[in-house]
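Everything below concerns the one structure shown next.
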Amino acid sequence: MTGLKIACRVCSSTTKKFLELGQQPVANRFKDDILSREEKYFLDVVFCPDCFTIQIGKCPDVANVYTDEYPFFTSSSDYMIKHFNELAEYIKRVYLPTFFPVIPGGAREPQANGFIVEIGSNDGTFLKNFTNIPHLGIEPAGNVRSEAIKNGVQCWDSFFDVGVAGAIVQSMGKADVVVSTNVFGHIPNRNSTLQGISDLLKEGGIWINEEAYLGDILEKISYDQFYNEHIFYSTVASFKQALDRHDLGIFDVDFYNVHGGSVRYFVSHKRNMSESAASKKVDHLIDVENLYSFDRLKHFAVEVKRSKHKILGQLHMIKSWGGEIVGYGASAKSTTILNYCGIDRDLIPVIYDTTKEKHHKFCPGTNIQVMPHYHFNGHNPTNVVLFIWNHASEVYKKEGFKERNWIIPIGN
Ligand code: DWN
Ligand code: ZN
């Protein structure tokens, strides 16, 4: 437990801690060896009473996280590929300028034009849809960036900030659309990122930002969303306050059930926004969020403890009957659960996963081995902890629902 005061990364006020998840390793740093030395830190989650931001306390330097061995590929989920393809089609239809190419004797199909930038473009799953127009991905992790480049996506090797935004404007001009999905909450310097986005957008340009929503985390008791990569946790209230400082405003908000419950914000320069129905929607959402008082957050912490006792009780019960248990999906989220609950290979000897970069390695902070997913059916386990509960429908479709006793490790 840490007793030090934690300053808010956005407004510097003193934050209030409501959740302690103990000592945790770096969530996506899978070990070659059980005995590998690991960097650990206290995973504390805090609330800022002045700007309403929810964030974790200490976390490793991002340069040591998004390295050339970063083992998360957006394309690891077919459902997410479809989700991002749909977003791309929507942007082409609604937010990019269109032109009508002249094809001698042919139909004049409208085509999207303009300039689109994605922050944290990973393996290019989303930007692959824009290779025929000016586009740019910003991605510091070398291995995933190489995949994007193989897919014909133009990328810069960088973390996004106000300086990088200036460099993009200088060499490629201002953007019609900026997109960030599951990345804005990963960047520690929120003010520099927002100023960069404000500078990068054309007059009338828009920023679409999608990330896990705190309301879903509280409701589902999905405390596994707290790990070192997720520095900030999104609420409409804190997002709006942060935008206000940089002449940015929300003109629409949508919710999706991906990644355990996500919010998608549509943002533009405030100077170009009129008072509209959108602001009523935003105000209403903020009213609902007012229910996330500090007492509500402390209550959540009690529910998290209960959730830990529930899953441990379930696993020990199965073991006491002589049952065998395996895991499915060695996600970053699984690191939080395994380390917070103290689950090791005596309870779960193996977790099956599709990412070859994780195969035969050991889950951070544990001696549980990750094995290739194609051994799962051969092994034919009965009791399976679904660490990627956020992909449940995709997994059940692939592996069958009735055939197994699927155990969801979060909730109460
Ligand atoms: O924000 C983030 C989210 C979007 O993705 C990142 N910080 C890191 C990552 O978090 P995660 O690892 O918790 O994400 P997922 O998508 O819940 O889990 C990914 C893992 O699950 C990969 O190792 C691949 C694996 N997987 C699998 O084995 N079978 C995934 C699917 C869909 C499957 O069917
Ligand atoms: Zn603050």
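All values reported here derive from a predicted model rather than from experimental measurement.
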Test item: [X] side-chain N/O and [Y] main-chain N/O as donor-acceptor pair under 3.5 Å:
X    : Y    : result
D161 : V164 : yes
N189 : S192 : yes
N383 : I325 : no
D344 : D346 : no

pair [X]-[Y]: side-chain heavy atoms closer than 4.5 Å:
X    : Y    : value
F266 : I250 : no
N85  : L87  : no
N339 : P25  : yes
F387 : I351 : yes
K361 : Q369 : no
V62  : H186 : no
I34  : T366 : no
V395 : L386 : yes

Set of residues satisfying side chain to side chain donor-acceptor pair (under 3.5 Å) with respect to [X], sequence neighbours excluded:
X    : answer
T125 : D123
H259 : N390
K402 : none

Parallel, tilted or perpendicular: which fits the ring planes of [X] and [Y], with parallel below 30° and perpendicular above 60°?
X    : Y    : answer
H359 : H373 : tilted
F126 : F130 : tilted
F239 : Y265 : parallel
F226 : F18  : perpendicular

Any donor-acceptor pair under 3.5 Å linking the side-chain atoms of [Y] with those of [X]?
X    : Y    : value
D224 : W389 : yes
N290 : R296 : no
E289 : Y213 : yes

Problem set entry | From CA spacing to verdict: side chain to side chain contact (heavy atoms under 4.5 Å, CB included), M317, Q314 | CA-CA 5 Å; M317 174 94 79; Q314 255 177 307; 5.8 Å; no
For [Y], is there an ion pair with [X] - N to carboxylate O distance below 4.0 angstrom?
X    : Y    : answer
D244 : K270 : yes
E303 : R306 : no
K92  : E89  : yes
D44  : K58  : no
R264 : E210 : yes

Return all side-chain donor-acceptor pairs below 3.5 angstrom for residues 173-182, not counting sequence neighbours, or 'none' if the list is empty.
{"unit_1": "K174", "atom_1": "NZ", "unit_2": "D199", "atom_2": "O", "d": "3.0"}
{"unit_1": "D176", "atom_1": "OD1", "unit_2": "K202", "atom_2": "NZ", "d": "3.0"}
{"unit_1": "D176", "atom_1": "OD2", "unit_2": "F115", "atom_2": "N", "d": "2.7"}
{"unit_1": "D176", "atom_1": "OD2", "unit_2": "K202", "atom_2": "NZ", "d": "3.1"}
{"unit_1": "S180", "atom_1": "OG", "unit_2": "W207", "atom_2": "NE1", "d": "2.9"}
{"unit_1": "S180", "atom_1": "OG", "unit_2": "N209", "atom_2": "OD1", "d": "2.9"}

Exercise. Which pairs count as salt bridge (charged side-chain N to carboxylate O under 4.0 Å, His left out) when at least one residue sits in residues 349-360, sequence neighbours excluded?
Worked result: none
For this session: May I ask you to check whether over 12 heavy atoms, not counting those of K398, lie within 6.0 Å of atom NZ?
Result: yes
Problem set entry | Y79 atom OH, over 12 foreign heavy atoms within 6.0 Å | no
For this session: Report the residue from E38, E229, E39 that forms a salt bridge (Lys or Arg N to Asp or Glu O under 4.0 Å) with R29.
Result: E39
Exercise. Could you give all pairs that pass the ring-ring contact (aromatic ring centres under 6.0 Å, His included) test and reach residues 145-179, with sequence neighbours left out?
Worked result: none
Problem set entry | SG on C341 to CG on L312, rounded to 0.5 Å | 5.0 Å
